[in-house]
Amino acid sequence: MTTLLFPLVTFPYASRILLADGIGEVAFFKSIISYVTIFSALGLPLYAIREIANVKEDKKTCSKVAVEIIILHSLLTLIGYVVVGVFCISEEKIYQNISLFLLLSTSIFFNAIGAIWFYQGIEDFKYITIRGIVVRIASMILLFSTVKTKSDLMYYAAANVIAEGGGNIFNFIRLRKYIKYDEIRFCEIDFLRHLKPTFKTFALSVSTSIYLHLDSVMLGFLGTDDAVGFYTAANSIVRTSMTVVISLGSVILPRLSNLASCSQSDEFEKLVKKIMNFGLLTSIPMAAGLIILAAPVLRLFCGPHFSPSILTTQIMSPIIIAVTLSCFMMPVLYACKLERIPLLATIVGALVNIVLNFLFIPKYLTSGAAFATLTAEIIVVILMFILGRKYICWGISLKRIITYIIGTIFMVIVLLLCRLYLSMMNDVITLLLCLPIGVLAYFSYLYFQKETLVLEIVNKKMKFNLIIKKNKRG
């Protein structure tokens, strides 16, 4: 929720002051730095979550594995900063604003020391949540107190760096609570043994990142800063809208890894079926709802200057379904040590994205980039589903999908009637009324259809309320 709320609060403020070219310049530099971050991480974070989850019961082994991965990540980060230096010297567009690029590059350092993978591996999500809230509040205070004019681009960049990586300093300090340094014999440390297993994960991270960030990079080189800004606005709205749902992906990986290592196949299969159906249940109406409400959402959160982003947002909206499913499929396959499947799928998706970007960006700019990314995401999820079903029962029912689609159609009709009735209202009132009405319409239909997952959620909510009431009486 904090990841969701931060851009919803800050982006409308920043976009109205910095406009599309300012937002676009920061997004362009961040896209380049994201590649350096991925190369300097070499797939370690995803690999480390699984390894820590598998040995978390053995404190000594867990400490040793964590130290080895931190050392390896730190050495790779030094190489990453050499690459940053090369970019600064060789690329004219970066050299012209080298101070902004170097400021944003500090996220590479924060990523190396943060060891967020360790806390995910031991499932310490309470700490991650508290830390995230504190750090994002601090970054919001910095943003609102310093970004006043279009020339305050450095402050905007600093707020972004703090929001995304500032908390990693606390992560590093807090590791002393878990890692028993006095029990580790440093002569037994062998960080190079983690190098080979991470290459599959590294290839997966690179190929995934290509179609996540290449569109912004190519828009920066083939288009204009304005185009990057308009695309960033649309991309931010689409991806922010599904943050809460796909955050489940980072939570289920350590649990799935632990179940797989303990050979609890029944629990593993039960969890897979539940998360896949939950992904469909939530993503289908979210995609349709954003298509209907794209205009008021963009005007409210980005301002009238970002009206060219409306069509781009509508084109990208179905990405919500594909990304949600792929974010759930990937940890399932990874927990089963089937990295080759998402790797192959993402490589194919990345190649498709590159080709389509070259074909469509020069002529259609943001719309072309949106279409390329949507196509790549759909191909990735289809390939992972087809290749993975030989080993895993996804538990996706055609009957359930039809139910979700009919419920979504009912919701869309209700939303269109609301938009028609509220056509004279401002965007704030439109969204405040349309969103809860749309959600109520969708889930009411599913409830009366006795959809299993919805009934389970309702029953758990009722049981929780009963427990609260009993505790109050006690």
### Task
Would you mind listing every side-chain hydrogen bond (donor to acceptor under 3.5 Å, both in side chains) that reaches into residues 305-317, with sequence neighbours excluded?
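Every side-chain hydrogen bond (donor to acceptor under 3.5 Å, both in side chains) pair that includes a residue of residues 305-317, provided the two are not neighbours, is T312-T366.
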### Query
Which pairs pass side-chain hydrogen bond (donor to acceptor under 3.5 Å, both in side chains) with one or both residues in residues 104-113, sequence neighbours excluded?
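Output for this query is empty, none listed.
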Taking only residues at least two apart or on different chains, which pairs with a member in [range] satisfy salt bridge (charged side-chain N to carboxylate O under 4.0 Å, His left out)?
{"range": "residues 153-167", "answer": "K30-E164"}
{"range": "residues 398-409", "answer": "R400-E451"}
{"range": "residues 79-92", "answer": "none"}
{"range": "residues 346-373", "answer": "none"}

List for me each residue that meets side chain to side chain donor-acceptor pair (under 3.5 Å) alongside [X], sequence neighbours excluded, and say none if there are none.
{"X": "K273", "result": "E269"}
{"X": "R193", "result": "E68"}
{"X": "Y47", "result": "H194"}
{"X": "N171", "result": "Y127, R131, N168"}

Which pairs of donor and acceptor atoms, one on a side chain in residues 11-20, lie under 3.5 Å apart (sequence neighbours left out)?
from : atom 1 : to   : atom 2 : distance (Å)
Y13  : OH     : V147 : O      : 2.6
S15  : OG     : F11  : O      : 2.9
S15  : OG     : P12  : O      : 3.2
S15  : OG     : C302 : O      : 3.0
R16  : NH1    : P12  : O      : 3.0
R16  : NH1    : L300 : O      : 3.4
R16  : NH2    : R299 : O      : 3.1
R16  : NH2    : L300 : O      : 2.9

Which donor-acceptor pairs under 3.5 Å do the side chains of residues 36-46 make with protein atoms, sequence neighbours left out?
from : atom 1 : to  : atom 2 : distance (Å)
T37  : OG1    : I33 : O      : 2.9
S40  : OG     : V36 : O      : 3.0
S40  : OG     : T37 : O      : 3.0

### Query
Any side-chain heavy-atom pair from I32 and I94 closer than 4.5 angstrom?
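Result yes, sub-4.5 Å side-chain heavy-atom pair found.
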